[in-house]
Student: 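Dumping the structure here so I can ask a few things about it.
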Amino acid sequence: MSEGNETRGLTIARVALDVPVDTLFDYRIEAGHPVAPGDRVRVPLGRRTAVGVVMEIGSEPAVSREKLRPLLEVLQDEVRLAPDILALLRFCHRYYHHPVGQVVATALPAAARRAKPLRLADPPRYFPTLKLMAAGAEVFPPRQVLARRLARRLLDLGCLEVTEARRLSPRWRPAMARLLALGFVECRSEPPKPLQTGNGVPLPPLTPEQEAAADQIHNHLDQYHTWLLHGITGSGKTQVYLHLIAQVVAGGRQALMLVPEINLTPQLEERVRSTLPGARVVTLHSGLPEMERTRHWLLAATGQADVVLGTRLAVFTPLPRLGLLVVDEEHDPSFKQQEGLRYSARDLAILRAHSRNVPVVLGSATPSLESYANAQAGRYRRLTLTRRAHADATLPTVRIVDVRGASGPGDLLSAPLREALAERLARGEQSLIYLNRRGFAPVLYCRACSWTSECGRCAAKLVLHTADQRLRCHHCGAEAAPPARCPHCGNADLLPLGHGTQRLEAALRSAFPGIRLLRVDRDSTRRRHAWPAMRRAIHEGAVDVLVGTQMLAKGHDFSRLTLVGIVDPDAALYAADFRASERLFAQLMQVAGRAGRADRAGEVILQTRFPDHPLYKALAAHSYDAFAQATLEERRQTGFPPYAHQALLRAAAHRLEACLAFLGAAAQAAGDAGEAQKGVAVFDPVPAALPRRKGLFQAQLLVQSQSREALQRFLAGWTPRLEHLAARRVRWSLDVDPLEL
Ligand code: ADP
Ligand code: ZN
Ligand code: ZN
């Protein structure tokens with residue numbers, strides 16, 4: 001108490017800093033320097049300075065007065081994190097048991113973690129001059145493709161931003177420079193256009209089903225509900241979102257729409273922009289150049305953007321006027337971050353909706369079983385769209401082809417599939433053949449000694465890629481030239497086993513010489529801008545047959561596509577992960593949904609060695625409900641999610657024993673505290689599904705409880721002790737609500 005006089009009036013900022021220690025750091029605030037929670041500040045840290053976020057203001061320092069150092073600077077700019085964002089960050093810290101400073105670092109764009117104030121500079125914008133308006137885009141001869149495109153776009157839109165110009169072509173700059181030099185264009189820096197309404201492509205009238213769904217949500221726009229919009233593929237869920245977003249924006253509020261793939265955002269962005277012409281739409285995803293991402297984040301955070309369209313990381317965007325959240329394809333695993341802070345963007349979207357008392361719409365043709373069960377239990381409100389929106393479109397017929405007897409080419413392309421393909425080719429329609437495995441063959445095999453191509457760093461096979469003649473590990477990226485002879489016995493007769501998309505492509509090309517075939521997988525789309533060009537080719541009808549992985553399954557609307565072939569899907573039926581069949585069903589439903597989306601009827605041919613499997617029967621009947629109910633019943637009986645809540649402690653080390661020793665000690669610590677008895681089950685440590693990756697052994701420990709609260713109480717007591725149990729060489733992390741076991 002003798003210090004009472006000295007501590008009086010002491011104000012302390014508790015700051016989250018990007019360090020792996022789970023604590024806030026205390027700093028003294030000098031009198032007369034106002035600081036509030038949510039401010040970004042510069043502080044001394046060891047011998048350097050760091051930028052962090054003030055989470056709390058207090059008066060009782062956690063360190064002695066002498067050690068307490070002063071806060072150096074409050075960054076003066078337009079960004080102070082609002083209370084709802086701070087609450088979201090605190091929740092992530094608590095719920096995912098992740099160091100608070102690293103939570104904050106995950107949630108903020110890189111620029112917000114630097115010691116420079118964030119300011120929204122007005123970007124240069126290009127405007128057509130009267131000269132161009134009079135001359136028209138045709139003033140450029142057709143071979144000046146880019147100049148013509150830019151001119152047309154400028155005339156269409158009235159003005160062009162750098163990002164839009166770059167989207168037209170990565171080589172837009174020299175062409176634009178010529179337009180400027182010729183006096184067709186002028187460049188000005190102007191404040192963003194003010195909000196305007198009307199005069200764009202009007203939204204088509206909703207179908208009665210769509211309208212019923214939109215009305216329900218519309219009637220509750222001013223309160224929190226989680227709406228599960230369960231609509232079959234092609235039922236027009238996107239149209240429902242757009243109507244709601246339009247209403248929310250017209251009411252002066254912001255909408256956040258999360259989508260699974262960066263891949264899909266350009267199309268969706270076009271659609272959103274063209275149907276909401278007055279609205280300022282920004283995108284947020286990890287593929288954006290940093291400057292652009294920061295700018296978009298700032299536009300959202302300062303309330304200037306009306307619609308934010310982004311991938312999972314966008315869920316952290318500050319939105320002062322937030323009125324609606326949408327999570328499209330809510331079942332998609334990419335909403336879960338798989339490293340660092342392993343958050344679920346879908347779950348956080350629901351949390352944000354709740355804390356701001358606004359609706360959140362989860363949309364899917366194949367809802368996650370978690371969401372489906374929540375709807376059944378009445379926690380979410382389910383709305384269904386049971387028919388396709390396009391007047392003449394119906395669901396495709398699904399034919400199951402038994403390939404048990406087949407071997408050789410019939411294994412890959414059955415006779416019925418070949419006939420159906422030939423018909424489509426004759427009629428000038430498109431087909432898609434789906435095989436969710438890239439490369440030529442999953443492994444190279446020696447007939448003489450049973451040698452197989454293995455990765456030296458992972459417990460995995462090297463996949464044969466024939467496009468560039470490489471053996472490649474899909475887990476660590478290691479590469480080698482395929483050996484001419486078996487490295488073990490010298491035999492020259494090496495056999496590629498199994499099939500990937502490249503082999504499928506080769507089989508199709510030899511069965512149908514001269515077909516216009518396009519393979520779409522991660523290998524063929526690696527180059528930037530490869531996919532937009534491919535998409536254009538598909539839409540323009542320059543492609544007869546598409547071969548691809550799940551990249552092709554999602555969200556695309558190809559109107560000439562009438563046949564979908566599904567090849568070799570069986571492996572996931574009997575995979576160890578209990579979610580494998582749920583993922584398989586969702587993928588197959590998605591890819592089947594690509595067929596017959598416009599006025600031509602569609603057909604799906606599924607080749608399998610398990611023609612009577614209930615999963616395929618449910619698919620053939622287009623019955624998600626049959627699948628979901630049967631699978632939920634299994635989960636209930638086996639006590640798996642959603643009837644249990646899980647956390648997975650993962651460990652990696654150079655020796656498997658080190659992993660298992662750490663996990664064993666962790667299990668022991670759980671038992672010692674008697675916590676395991678309080679409705680929490682702690683399983684035995686086991687090697688991970690991929691037991692070795694990038695040279696490190698991987699093992700895991702599953703913790704499970706029927707009560708989320710019990711699990712969280714347990715984790716709160718347990719995780720702080722893990723720090724002291726891990727030997728120096730063991731890396732570990734906790735995954736709450738893991739999606740992959
Ligand atoms: P989903 O997101 O459910 O797969 P989309 O919103 O992409 O479906 O719609 C599928 C197709 O139906 C698209 O081509 C879309 O333009 C069309 N469509 C959607 N709603 C309507 C409507 N109300 N009237 C006419 N066409 C519609
Ligand atoms: Zn051999
Ligand atoms: Zn590897």
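Order of listing sets the numbers, starting from 1, for every ligand and every atom in it.
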Student: Given Gly231, Gly234, Pro205, Pro208, which one has a non-hydrogen atom that is nearest to atom 10 (C) of ligand 1?
Tutor: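 Looking at heavy atoms only, Gly234 sits closest to atom 10 (C) of ligand 1.
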Student: Hey, is the Zn ion (ligand 3) within less than 2.8 Å of some N/O/S atom on His474?
Tutor: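 Coordinating: no.
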Student: With atoms numbered from 1 as shown, which atoms in ligand 1 lie under 4.0 angstrom from a non-hydrogen atom of Thr207?
Tutor: 23 (N)
Student: I'd like to know if the side chain of Thr549 and the backbone of Asp521 have a donor-acceptor N/O pair within less than 3.5 Å.
Tutor: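 Not a single qualifying donor-acceptor pair exists.
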Student: Looking only at distances, please establish whether an N/O atom of ligand 1 is found under 3.5 Å from an N/O atom of Ala389.
Tutor: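 Looking only at distances, the answer is no, because the N/O contact criterion of under 3.5 Å is not met.
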Student: Does ligand 1 come near enough to Gly236 that some N or O of the ligand is less than 3.5 Å from an N or O of the residue?
Tutor: yes
Student: Return yes if some donor-acceptor pair links the side-chain N/O of His220 with the main-chain N/O of Gln216 below 3.5 Å, else return no.
Tutor: yes
Student: If only atom types and distance count, is the side chain of Gln247 paired as donor or acceptor with the main-chain N or O of His218 below 3.5 Å?
Tutor: no
Student: Treating Asn436 as the side-chain partner and Gln550 as the backbone partner, does any N or O pair qualify as donor plus acceptor under 3.5 Å?
Tutor: yes
Student: Closer than 2.8 Å to the Zn ion (ligand 3), do we get an N, O or S atom from His475, backbone or side chain?
Tutor: no
Student: Ser453 side chain to Leu462 main-chain N or O, any donor-acceptor pair under 3.5 Å?
Tutor: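 Pair found, side chain donor or acceptor close to backbone of Leu462.
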Student: If you round to 10 degrees, what value do you get for the angle at the Zn ion (ligand 3) between Cys476 atom SG and Cys473 atom SG?
Tutor: 110°
Student: Record the part of Thr238 in heavy-atom contact with ligand 1 below 4.0 Å; permitted values are side chain, backbone, both and neither.
Tutor: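 Both the backbone and the side chain of Thr238 come within reach of ligand 1.
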Student: Looking at Arg388 and Thr394, would you say the former's side chain and the latter's main chain have a donor-acceptor pair under 3.5 Å?
Tutor: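 Flag set: sc Arg388 to bb Thr394 pair under 3.5 Å.
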Student: If you apply the rule salt bridge (Lys or Arg N to Asp or Glu O under 4.0 Å), what do you find for Arg579 with Glu370, and how did you get there?
Tutor: CA-CA 11 Å; Arg579 278 198 180 84; Glu370 280 77 5; 2.8 Å; yes
Student: Checking contacts here: is it the side chain or the backbone of Arg388 that comes within 4.0 Å of ligand 1, counting heavy atoms only? Could be both or neither.
Tutor: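 It is neither; nothing of Arg388 touches ligand 1.
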Student: So for ligand 1, is Arg271 a polar contact partner (N or O within less than 3.5 Å, distance only)?
Tutor: yes
Student: Show the atoms of ligand 1 that are less than 4.0 angstrom away from any heavy atom in Lys237.
Tutor: 1 (P), 2 (O), 3 (O), 4 (O), 6 (O), 8 (O)
Student: Where the Zn ion (ligand 2) is the corner point, what angle links SG of Cys446 with SG of Cys449, to 10°?
Tutor: 110°
Student: Output yes when the distance from some N or O of ligand 1 to some N or O of Leu206 is under 3.5 Å, and no in every other case.
Tutor: no
Student: Please check: side-chain N/O of Arg346 versus main-chain N/O of Arg312, any donor-acceptor pairing under 3.5 Å?
Tutor: no
Student: I need the minimum non-hydrogen distance between Arg273 and Val281, along with the two atoms involved.
Tutor: NH2-O, 3.1 Å
